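First comes the structure, then the notes that go with it.
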Amino acid sequence: MKIYNTRTRQKETLKTREPNVLHMYVCGLTPYDSMHIGHARAFTVYDVLRRYLEHRGWRVIHVQNWTDIDDKIIQRANELKVSAKEIAERFIAEAEEDCRDLGLLQPTIMPCVTEHINDIIKAVQMLIDRGYAYARSGNVYFDVSKYESEFHDYGLLSGQTRDELIAGARVAPDEDKDDPVDFALWKAAKPNEPFWDSPWGKGRPGWHIECSVMSLKYLGAPFDLHGGATDLVFPHHENEIAQSQALIGVKPIVTCWMHSGVLTVGGEKMSKSLGNFVTLRAALKRHGKNPLRLLYLSTHYRSPLDYSEERIEGAKASLRRIRTAIEVINTKLATETSEENDDKKERASELMQLLEESTRLFYEAMDDDLNTAEALGYLFRIVGAALTYNAIVKESPSHSEKVVLSLMKDRLTNLLSVLGFDVRELEAPERLEDALGEELLKLLIEVRAQLRQRRLFDLADLIRSKLSELGIALEDTPQGTQWRKT
RNA sequence: GGCGCCGUAGCCGAGUGGCACAGGCGAGGGACUGCAAAUCCCUUCACCCGGGUUCAAUUCCCGGCGGCGCCUCCA
């Protein structure tokens with residue numbers, strides 16, 4: 001399988017330390033607020049990568065951190081007059097629930113920064129000892145010039161040289177630093193801030209060091225793949241590389257850097273600071289997990305993805321199409337097997353050919369830098385074939401047709417679950433949360449059937465239109481009246 | 001200002017040096033239906049602009065224009 005490697009700026013065959021085992025580190029959240037659908041997009045990308053590799057027989061060791069101590073957490077804690085710890089715990093619990101509801105596989109290991117303070121202090125000390133870092137009044141900074149003089153790759157990931165970064169001139173001036181591009185490994189605690197004791201006084205880790213320490217601790221060096229969204233390329237991942245390589249002396253420390261595109265709204269990046277975010281929780285409640293996942297996967301993971309209600313409604317309609325196709329196949333399979341003849345055999349073999357071709361192309365698309373958008377196209381070819389077959393062929397299927405229909409259904413559900421869709425939800429009959437409501441609905445449908453039989457269509461239509469206003473759509477099919485939520 | 005990505009039908013969105021079969025949504029027409037819905041069929045025929053390379057460019061190169069991301073916390 002090929003993945004686009006940000007470090008080399010090209011698609012590369014995924015090379016791993018051990019054959020068919022992927023050691024993957026994904027940058028997790030800073031839990032200072034509810035997670036939004038932009039975060040969820042990134043996590044969905046790595047979730048699909050993992051599901052796909054596991055489907056192909058790989059083992060994936062997936063480490064995803066919680067940056068549970070940070071300026072923003074402290075700020076939020078002060079606003080709400082609670083401890084930083086409480087804030088972090090609260091939003092970690094919330095995010096874990098949201099991720100589960102979205103159908104994300106739980107990472108193998110989810111380390112917290114606050115549980116690795118000693119490891120971090122050791123790492124910072126080691127960097128100082130080796131001359132890659134210096135302490136200034138309780139702070140410790142990474143010495144980029146020193147690093148660059150030995151490793152010659154600072155800026156490689158983000159495509160900027162050290163000089164260009166300085167010329168950017170927006171690097172925060174900090175009197176303590178020897179150089180504007182140097183960055184904090186350890187930050188001295190200000191009054192009323194949480195702290196840990198260290199050789200440099202009371203303080204807490206800087207932003208990037210936790211990922212270096214925890215990725216190396218749990219995955220070793222070099223490890224296979226490091227993921228995150230593009231907005232982490234600089235400075236976070238650039239600095240992480242410098243720290244890790246200075247620490248271990250191995251270059252490159254990560255074989256493949258994978259970055260997902262950001263989620264935008266009206267063309268602007270979704271972010272807390274712009275206030276244009278939709279929480280994952282709200283989106284799940286309103287739309288459900290499958291539509292959200294389809295929206296994510298219908299754009300290539302490296303492209304920006306613009307979120308809109310219109311698009312998610314489109315995703316819902318697409319999903320209904322898949323659902324209908326599966327239903328149609330089930331119905332056909334449930335009918336009596338008809339006698340075989342040449343026409344049926346030929347139809348079956350045509351369907352089989354389409355199925356095998358679409359499946360092959362699906363895998364090729366996935367192997368080509370996780371092109372889920374293209375892969376979905378092939379999946380919809382199978383869907384379309386099933387629907388067309390159903391519309392054209394009125395007689396019940398023969399043995400050979402049943403064989404291929406059954407294969408189509410299995411393949412569809414299989415590929416859908418590889419992409420992480422909840423197939424059970426897709427296949428399950430519609431339900432209302434309220435059992436009584438559902439009974440009443442069934443009663444109404446029964447009454448309406450009687451009305452229709454007596455050709456009292458005015459009343460039957462009244463029931464249908466009133467239910468429609470309540471968000472229930474009725475569809476009269478040869479198998480009786482079906483209902484669904486709208 | 002620097003670095004990078006992108007510009008494909010009404011919308012979203014894959015893709016390719018050789019007639020653009022992606023796929024989805026939407027719209028219009030038809031079939032089906034008591035009427036709808038769903039479904040099927042048909043229509044909706046698009047590669048930002050200007051150069052260059054080439055027998056051939058939407059695809060490669062250069063230059064514009066436009067959009068976005070990063071350069072400050074960000075998934």
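Lettering of chains follows the sequences in order, A, B, ..., and the numbering in each one begins at 1. On a predicted model such as this, the values are computed, not experimentally measured, just so you know.
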Under-4.0 Å side-chain N/O to phosphate OP1/OP2 contact, Lys269(A) with A75(B): no

Asp101(A): which residues meet the side-chain contact (heavy atoms from CB on, under 4.5 Å) condition with it, sequence neighbours left out? Glu97(A), Leu284(A)

How would you label the contact of Ser158(A) with the nucleic acid (heavy atoms, under 4.0 Å): base, sugar-phosphate, or nothing? sugar-phosphate

When we call it a touch if two heavy atoms are under 4.0 Å apart, what does Val262(A) touch: a base, just sugar-phosphate, or nothing? base

Is there a side-chain contact between Cys27(A) and His226(A) (heavy atoms, below 4.5 Å)? yes

Out of C73(B), C35(B), A75(B), which has the shortest distance to the side chain of Asp476(A)? C35(B)

Whole-Å gap separating P (U16(B)) and CD (Glu364(A)): 12 Å

Euclidean distance, atom CZ of residue Arg484(A) to atom C1' of U39(B) [Å, nearest integer]: 12 Å

Quick one: what's the B/S/- string for nucleotides 6-15 of chain B, heavy-atom cutoff under 4.0 Å, read 5' to 3'? ------SSSS

P-based separation of C49(B) from A37(B) [nearest Å]: 39 Å

What do the steps show when you test Glu356(A) against Arg360(A) for salt bridge (charged side-chain N to carboxylate O under 4.0 Å, His left out), and what is the final call? CA-CA 6 Å; Glu356(A) 293 309 330; Arg360(A) 184 175 58 77; over 6 Å; no

Just call it for Gly227(A): base, sugar-phosphate, or nothing, with non-hydrogen atoms closer than 4.0 Å on any strand. nothing

Closer to the 5' end of RNA chain B via nearest nucleotide, is it Arg455(A) or His36(A)? Arg455(A)

Looking at Glu309(A) and Arg286(A), is there a salt bridge between them, counting it only when a charged N and a carboxylate O are closer than 4.0 Å? yes

Heavy-atom nearest nucleotide on RNA chain B for Tyr4(A) versus Asn390(A): which residue maps closer to 5'? Tyr4(A)

Using a strict cut-off of less than 4.0 Å between a Lys/Arg side-chain nitrogen and an Asp/Glu carboxylate oxygen, indicate whether Arg311(A) and Asp306(A) qualify as a salt bridge. no

G4(B) phosphate, OP1 or OP2: any side-chain N/O from Thr230(A) under 4.0 angstrom? no

Lys187(A) with Glu193(A): basic N within carboxylate O range, under 4.0 Å: no

Presence of salt bridge, Arg448(A) and Asp476(A), under 4.0 angstrom: yes

When all nucleic acid strands are considered with a 4.0 Å heavy-atom cut-off, which category describes Leu361(A): base, sugar-phosphate, or nothing? nothing

Look through every strand shown and name the nucleotide pairing with G63(B) as Watson-Crick or G-U wobble, where both distances are under 3.5 Å. C49(B)

C3(B) pairs with which nucleotide, Watson-Crick or G-U wobble, both distances below 3.5 Å? G69(B)

Across every strand shown, the nucleotide meeting Watson-Crick or G-U wobble geometry with C19(B) (both distances under 3.5 Å) is none

Suppose we call a contact any N or O donor and acceptor under 3.5 Å apart; does that hold for the side chain of Arg321(A) and the base of G24(B)? no

For C25(B), give its Watson-Crick or G-U wobble partner with both distances under 3.5 Å, or none. G10(B)

Looking only at atom P, what distance separates C6(B) and U16(B), rounded to whole Å? 12 Å

Span that lies between the C1' atom of C48(B) and that of C42(B), in whole angstrom: 31 Å

Just checking Met270(A): base, sugar-phosphate only, or nothing, at a heavy-atom cut-off of under 4.0 Å? base

Pairwise C1' distance, G29(B) and C68(B) [rounded to whole Å]: 39 Å

Rounded to whole angstroms, how far apart are CD1 on Ile312(A) and C1' on G24(B)? 14 Å

Members of residues 38-48 of chain A that approach RNA chain B, where some heavy atom sits under 4.0 Å away: Gly38(A), His39(A), Ala42(A)

Residue pair Trp186(A) / Pro205(A), side-chain heavy-atom distance below 4.5 Å: yes

What does Arg7(A) touch in the nucleic acid at a heavy-atom separation under 4.0 angstrom: a base, only the sugar-phosphate, or nothing? nothing

Are the charged groups of Asp47(A) and Arg293(A) less than 4.0 angstrom apart, N to O? yes

Remember a base hit wins even if backbone is also touched, and classify Leu263(A) as base, sugar-phosphate or nothing at under 4.0 Å, heavy atoms. base

Between A27(B) and C11(B), how many Å separate the two P atoms, rounded to a whole number? 15 Å

Atom C1', compared across U72(B) and C65(B): separation rounded to whole Å: 29 Å

Atom CD of Gln482(A) and atom P of A38(B) are separated, to the nearest Å, by 14 Å

Can you tell me the Watson-Crick or wobble partner of A31(B), both distances under 3.5 angstrom? U39(B)

Considering every strand and a 4.0 Å limit on heavy-atom distances, what is the contact class for Phe234(A): base, sugar-phosphate, or nothing? sugar-phosphate

Stepwise, does the salt bridge (charged side-chain N to carboxylate O under 4.0 Å, His left out) test hold for Asp367(A) with Lys11(A)? CA-CA 11 Å; Asp367(A) 281 336; Lys11(A) 288 182 198 171; over 6 Å; no

Find out whether Ile37(A) and Met270(A) are in side-chain contact, i.e. whether some heavy atom of one side chain is under 4.5 Å from a heavy atom of the other. yes

Stacking of Phe380(A) on G23(B) base (centres under 5.5 Å, planes under 30°): no

Less than 4.0 Å between a side-chain N and a carboxylate O, is that true for Asp70(A) and Arg76(A)? no

If the P atom of A56(B) is compared with that of G18(B), how far apart are they to the nearest Å? 14 Å

Ile392(A) CD1 to C41(B) P, in whole Å, measures 7 Å

Could you let me know what U54(B) is paired to, Watson-Crick or G-U wobble, both distances under 3.5 Å, or none if it's on its own? none

Between C1' on A38(B) and CG on Leu387(A), what's the gap in Å once rounded to a whole number? 10 Å

In whole Å, what is the span from the CD atom of Glu313(A) to the P atom of C25(B)? 13 Å

Are the aromatic ring centres of Tyr218(A) and His116(A) under 6.0 angstrom apart? yes

Non-neighbouring partners of Asp68(A) that pass side chain to side chain donor-acceptor pair (under 3.5 Å), sequence neighbours left out: Thr114(A)

Restricting to side-chain contact (heavy atoms from CB on, under 4.5 Å), what partner residues turn up for Glu438(A), sequence neighbours left out? Arg431(A), Leu432(A), Lys442(A), Trp483(A)

In whole Å, I'd like the distance from the CZ atom of Arg320(A) to the P atom of C25(B). 9 Å

Among A75(B), G34(B), C71(B), the one nearest any side-chain atom of Arg448(A) is G34(B)

Quick one: which protein N/O atoms are closer than 3.5 Å to N/O atoms of nucleotides 43-45 of chain B? Pair and distance per line, please.
none

Considering only atom P, compute the distance from G7(B) to A14(B) and round it to an integer number of Å. 9 Å

Ring centroid separation for Phe183(A) and His208(A), is it under 6.0 angstrom? yes

